[in-house]
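Here is the structure we will look at, set down as structure tokens.
Excluded from the calculations below are hydrogen atoms, water molecules and symmetry mates; all remaining heavy atoms, backbone and side chain alike, are included. Bear in mind the structure is a predicted one, so any value in this text is a computation, not a measurement.
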Amino acid sequence: MGELAHHHPQELQLHIPDNQEAKEGNSFEPTSIITDSQATITSKPKNSWWWIRVALYSLFVLSGQSVGTLLGTLYYKKGGNSKWLAALVQHGAFPILLLLYFIPTPKQPCDPNNPHIQTNPQAQSQAQSQEPSLKGLALVYLSLGTIVALNGYLYSVGLLYLPVSTYSLICSSQLAFNALFSFFLNAQKFTPYIINSLALLITSSTLLVFQSNSEDPKGVSAGKYALGFVCTILASAGYGLLLSLDQLCFRRIIRKETLRAVLNMIVYPSLVASVIFVVGLFGSGEWEHLGREMDEYELGKVSYVMNLAGTTIAWQVFTMGTVGLVLDSSSLFSDSISVVGLPIVPIFAVMFFGDKMDGVKVIAMILAIWGFVSYVYQYYLDGAKLKAQRTSVGGDGN
């Protein structure tokens, strides 16, 4: 996965000035430095490696989200009650990713040993000047990590007090929030197919509210139910903002879209979020009850530990998938894949928790798949159009 994400890392390709284009026309090295003066951005052609990466990242998102949500629901249903612990396990497995830092990667154009940089003093000076400062990166990771921590806690509250169907319904609103933030932060363009996809995905999740067999969680008062509803709405808005900020940071601050950049965007914010979760766990006093919680867990101590470990790994897989999709596509596409998985959770809830299936859930699933196909088809059209343009330019040159 890491090598695939690095060989063709860029979703954003730059128009090179004419005096540089002739010199670099035969180069097969992707440009990975984005400058403020190069404001015109075009889509990268969607080759087979791109589709393989997107399919892999999508699988990570769908499987990680479904497994993580179901295990989180199981944790609460069988006696778990710590909101801070439930939030911590969402991001606590980031040390696993440290092994990926040892994967060898090709040198980037900003490397002093890069031939183009060596022979072009102006490019060397520009590459060095575009390196983000340590303070700037620290601020980015600290800010994103704080948002991640806030979202994780809010989602934990929502999952504790809401039934899975209602929880999934509210989470679908993150797509609308992401579209709004992407429009202002990343100049996201809306084509008819993308609009159709968004409408279908939101509708598919909205239908879940009309399920006749949904029941409120046992022992939840109206006040706590409302609290869970509001927390999930706020978390969905924060998640939409987070994905848009990820895309903006890659393009404007980090400027290098590589495997290491992706790992840094996961590891450092997760580290910040985990510290906040640990402080919250001890500051709230919930840690004092964890021993008794484990002893009274309905499935036993081993299942308690396995549940938390599985939830941790599942959400880390989900995070890798979302950041990968933001890097190779856009934050809106990443969120669309996530929304596709929301109707899947109630389906698995039928299988594992005994919830009843009705026609509304079936329709929601069909609409979600339709919306996903519509969005992917737009990317296929973009790739075909760009390929035709490149072929036309090549033919004219001959």
Do [X] and [Y] make a side-chain contact, defined as non-hydrogen atoms from C-beta onward lying under 4.5 Å apart?
| X | Y | result |
| --- | --- | --- |
| Tyr57 | Val323 | no |
| Leu144 | Val272 | no |
| Ser236 | Tyr155 | yes |
| His289 | Ser82 | no |
| Val61 | Met320 | no |
| Trp84 | Phe277 | yes |
| Leu160 | Ser156 | no |
| Lys135 | Leu139 | no |

Donor-acceptor contact present, side-chain [X] to main-chain [Y], <3.5 Å:
| X | Y | value |
| --- | --- | --- |
| Ser374 | Trp370 | no |
| Asn307 | Ser303 | no |
| Gln174 | Gly240 | no |

Point-to-point distance, once rounded to the nearest 0.5 Å, from [atom1] of [X] to [atom2] of [Y]:
| X | Y | atom1 | atom2 | answer |
| --- | --- | --- | --- | --- |
| Met265 | Leu263 | CE | CG | 11.5 Å |
| Arg251 | Arg255 | CZ | CZ | 10.0 Å |
| Gln316 | His91 | CD | NE2 | 8.5 Å |
| Ile276 | Tyr153 | CD1 | OH | 13.5 Å |

Checklist entry - Given Tyr304, which of Glu293, Glu296, Lys78 fulfils the side-chain hydrogen bond (donor to acceptor under 3.5 Å, both in side chains) condition? => result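 By the side-chain hydrogen bond (donor to acceptor under 3.5 Å, both in side chains) criterion, Tyr304 pairs with just one of Glu293, Glu296, Lys78: Glu293.
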Flag yes if more than 12 heavy atoms outside [X] fall under 6.0 Å of its [atom1] atom; otherwise flag no.
| X | atom1 | answer |
| --- | --- | --- |
| Tyr297 | OH | yes |
| Phe183 | CZ | no |
| Phe229 | CZ | no |

Next on the checklist: Is it true that Thr311 and Gln90 share a donor-acceptor pair across their side chains at a distance under 3.5 Å?
Outcome noted: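 There is no such pair (donor and acceptor under 3.5 Å, judged by atom type) between the side chains of Gln90 and Thr311.
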Item to check | Audit row: Phe348, Val67, side-chain contact (heavy atoms from CB on, under 4.5 Å) steps and yes/no | outcome: CA-CA 9 Å; Phe348 283 113; Val67 173; over 6 Å; no
Item to check | Evaluation steps, side chain to side chain donor-acceptor pair (under 3.5 Å), between Ser338 and Gln65 | outcome: CA-CA 8 Å; Ser338 177; Gln65 176 179 253; 2.7 Å; yes
Checklist entry - Hey, which of Ile147, Thr322, Leu154, Val148 is the one that makes side chain to side chain contact (heavy atoms under 4.5 Å, CB included) with Tyr239? => result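 When side chain to side chain contact (heavy atoms under 4.5 Å, CB included) is applied between Tyr239 and each of Ile147, Thr322, Leu154, Val148, only Thr322 qualifies.
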Checklist entry - For the residue pair Leu185 and Leu241, what are the closest heavy atoms and their distance? => result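 Closest heavy-atom pair between Leu185 and Leu241: CD1-CD1, 4.2 Å.
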Next on the checklist: Taking the ring of Tyr377 and the ring of Tyr193, is the distance between their centroids below 6.0 Å?
Outcome noted: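 Yes: the rings meet the under 6.0 Å criterion.
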Next on the checklist: Can you classify the ring geometry of Trp315 versus Phe318 as parallel (below 30°), tilted (30 to 60°) or perpendicular (above 60°)?
Outcome noted: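 Rings of Trp315 and Phe318: perpendicular, over 60°.
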